[in-house]
Student: 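Mind looking over this structure? Questions follow.
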Number of protein chains: 2
Amino acid sequence: MTASRALSQPKLVSDATRSKVEQAVAELGYVPNRAARALASSQSHVIVVLVPSLSNAVFTAVLEGIHDAVAPGQYQLLIGNTYYSQLEEEKLLRTYLQSNPDGILFSSQVRSPAVAKMLAASKVPAVAMMDLSDDPAVLSVGFSQYEAGMAMTRHLIAKGYTRIGFIGAQLDERTLRRADGYRAAMAAAGLADPGLELMVPERSTIALGAGLMAQLMALRPDCDAVFCCNDDLAHGAVFHCQRQGIRIPQDIAVCGFNDLPASAWMMPSLTTVDTPRYQIGFEAAGLLLQVIKGEEPAERRIDLGFTLRDRESA
Amino acid sequence: MTASRALSQPKLVSDATRSKVEQAVAELGYVPNRAARALASSQSHVIVVLVPSLSNAVFTAVLEGIHDAVAPGQYQLLIGNTYYSQLEEEKLLRTYLQSNPDGILFSSQVRSPAVAKMLAASKVPAVAMMDLSDDPAVLSVGFSQYEAGMAMTRHLIAKGYTRIGFIGAQLDERTLRRADGYRAAMAAAGLADPGLELMVPERSTIALGAGLMAQLMALRPDCDAVFCCNDDLAHGAVFHCQRQGIRIPQDIAVCGFNDLPASAWMMPSLTTVDTPRYQIGFEAAGLLLQVIKGEEPAERRIDLGFTLRDRESA
DNA sequence: CTGAAAGCGCTTACAG
DNA sequence: CTGAAAGCGCTTACAG
């Protein structure tokens with residue numbers, strides 16, 4: 001009917017009928033049925049977002065950025081939590097593809113064969129967030145995790161630390177890239193020493209950071225600085241030292257990654273890498289929206305950089 | 001066709017045809033269309049979740065609980081961020097109602113007239129999370145914010161503190177209920193003193209906690225304890241004192257609310273109220289699922305309680 | 001500017 | 001156990 005038009009393309013309808021329709025809508029409390037609209041128009045106005053965690057403040061900031069970028073466009077966000085599992089990512093993608101999304105936002109660069117296949121078959125545009133992709137076919141928004149890991153390590157080396165440990169958990173692709181950067185910087189300075197690395201697959205928590213710090217210091221009492229792969233671990237490391245009366249940075253330096261809110265306030269304040277996570281979400285959603293509209297993006301790879309925060313702990 | 005049945009109710013189809021269908025599905029890479037299914041069956045299998053914040057760890061834990069409770073049932077979650085705004089809540093509800101959800105999970109008890117009207121008109125079952133509802137018509141899962149605020153205040157009074165300040169931010173309904181509990185306990189002990197309350201509408205952050213702590217101590221140097229309405233503010237308060245060389249709890253006691261991960265680890269460790277936020281999400285989703293299935297729930301109001309964590313800071 | 005018609009891809013009773 | 005038919009509530013060209 002004309003009513004449908006009055007609602008979706010008000011310009012094409014005369015003022016008189018439009019107001020009649022609007023009145024009827026108000027009286028009846030009419031609510032359009034999204035499923036019917038999606039089916040008829042074959043446009044879902046759904047954007048799928050896959051994040052590895054909802055408890056990690058990094059990804060909630062990314063979500064807020066996406067939310068803010070997308071709100072004006074009336075897209076509906078379908079948020080999936082992969083729990084850092086590729087298998088879970090596959091399952092979620094399979095489920096969400098049933099909603100015929102207009103686009104997909106991934107938090108990872110690495111795509112399992114199954115995910116790659118589904119993505120190709122569905123022809124839904126996708127953008128990878130967090131790291132920059134080497135593959136020109138993949139749209140990406142983020143910063144180089146590798147460069148950031150290297151920059152922090154160089155910073156510690158420049159300050160005169162020579163036996164710099166690395167504490168890593170979760171071991172997701174971003175952590176591994178940061179570790180690669182750490183190794184490259186250590187090797188370049190002739191300081192490489194695999195015995196200074198402590199990597200475990202458990203989820204990053206403050207408790208784990210405290211435990212790993214204790215472990216590393218027992219294993220390598222000569223260690224003079226520790227690069228924690230994220231701020232949660234670093235906070236745990238700092239709290240552990242405080243409780244043990246170990247002075248930071250005099251006895252040992254500690255630094256983290258991400259610059260969570262507590263890092264600037266704790267004592268000592270934490271040297272860390274500030275990452276543009278909100279901005280990543282915002283820009284990635286913007287890029288995806290562009291592609292959905294059929295526009296050719298100016299850049300297929302948006303580097304948002306990172307900022308080293310040199311504070312008291314190192 | 002029979003194919004539809006083979007997929008949705010495999011039991012009603014012979015083994016032979018079922019395997020033929022399955023093979024065809026695999027070959028063609030068939031993906032069912034959710035919009036069509038929703039339209040034909042008038043069942044969306046969508047559950048709407050409205051939370052006031054995605055950056056607050058409390059609500060991400062609630063989301064994880066919901067996620068885990070709902071996963072087996074194949075429901076799709078539509079997560080909306082109200083940013084603590086009733087107007088935003090209304091807009092989100094209006095939008096999400098178009099998806100014809102099977103149920104709705106609110107993070108608030110208070111419902112604006114518009115929300116109440118839409119809810120009644122849509123007849124979609126809803127469950128309120130976080131606090132317990134006084135209205136028997138409303139299903140709720142949580143704990144008494146009022147009782148919890150009172151319990152913490154009584155705890156401080158029992159320890160001998162007499163000039164106990166209250167720092168509150170955001171001023172959402174939960175904070176206000178905790179403040180009510182604080183006031184009731186203070187009044188009951190004959191310690192009521194409105195000048196000890198510092199309430200601001202800004203978002204709770206560590207930075208704000210530090211600032212409010214400084215403000216309160218300047219305003220009321222006689223204050224001997226401070227009850228922060230949440231752990232973020234309390235962390236800021238503790239960090240402020242550390243930087244100023246103010247000893248906790250000797251010079252002033254500090255306590256918080258929620259028991260975030262850092263609270264047990266920081267120095268001094270934070271006295272706070274541990275709240276069952278994951279469990280609230282889990283149970284609320286379970287209750288909603290029951291109602292969706294047409295079952296009569298055993299309880300319309302599930303009290304999950306809270307636990308006082310008595311630690312070093314008070 | 002407005003209306004009649006067909007169809008989006010499923011599901012649901014209803015016969016066989 | 002399987003198939004033919006109608007219909008879910010919209011949108012989209014297509015005539016008027």
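Computed over heavy atoms, backbone and side chain alike; hydrogens, waters and symmetry mates excluded. Quick note on labels: first sequence line is chain A, next is B, and so on, each numbered from 1.
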Student: Give me the one residue out of Glu173(B), Arg178(B), Gln109(B) that meets side chain to side chain donor-acceptor pair (under 3.5 Å) with Gln145(B).
Tutor: Arg178(B)
Student: Would the distance check show the side chain of Arg34(B) and the main-chain N or O of Leu97(A) forming a donor-acceptor pair, the cut-off being under 3.5 Å?
Tutor: no
Student: Dump every N/O contact between nucleotides 8-10 of chain C and the protein below 3.5 Å, one line per pair.
Tutor:
from	atom 1	to	atom 2	distance (Å)
dC8(C)	O2	Ala40(A)	N	3.3
dG9(C)	N2	Ala36(B)	O	3.4
dC10(C)	OP1	Tyr30(B)	OH	2.9
dC10(C)	OP1	Asn33(B)	N	3.3
dC10(C)	O5'	Tyr30(B)	OH	3.3

Student: When the distance from NZ of Lys20(B) to P of dC1(D) is rounded to whole Å, what number comes out?
Tutor: 15 Å
Student: Could you give me the stems involving DNA chain D, meaning stretches of three or more consecutive Watson-Crick or G-U wobble pairs whose two defining distances are both below 3.5 Å?
Tutor: C:1-3 with D:14-16, C:5-12 with D:5-12, C:14-16 with D:1-3
Student: Might you point out which heavy atoms bring Ile104(A) and Leu288(A) nearest each other, and give the distance in Å?
Tutor: N-CD2, 3.7 Å
Student: Taking atom CD1 of Ile66(A) and atom CZ of Phe59(A), what is their separation to the nearest 0.5 Å?
Tutor: 10.5 Å
Student: Under the 3.5 angstrom rule, does the side chain of Arg277(A) hit a backbone N or O of Asn258(A) as a donor-acceptor pair?
Tutor: yes
Student: Looking just at side-chain N and O atoms, do Asn230(B) and Ser204(B) make a donor-acceptor pair shorter than 3.5 Å?
Tutor: yes
Student: Distance only, no hydrogens: is a donor on one side chain within 3.5 Å (strictly under) of an acceptor on the other, for Glu90(A) and Ser112(A)?
Tutor: yes
Student: Any idea which heavy atoms bring Phe143(A) and Ala148(A) closest together, and the distance?
Tutor: CE1-CB, 4.0 Å
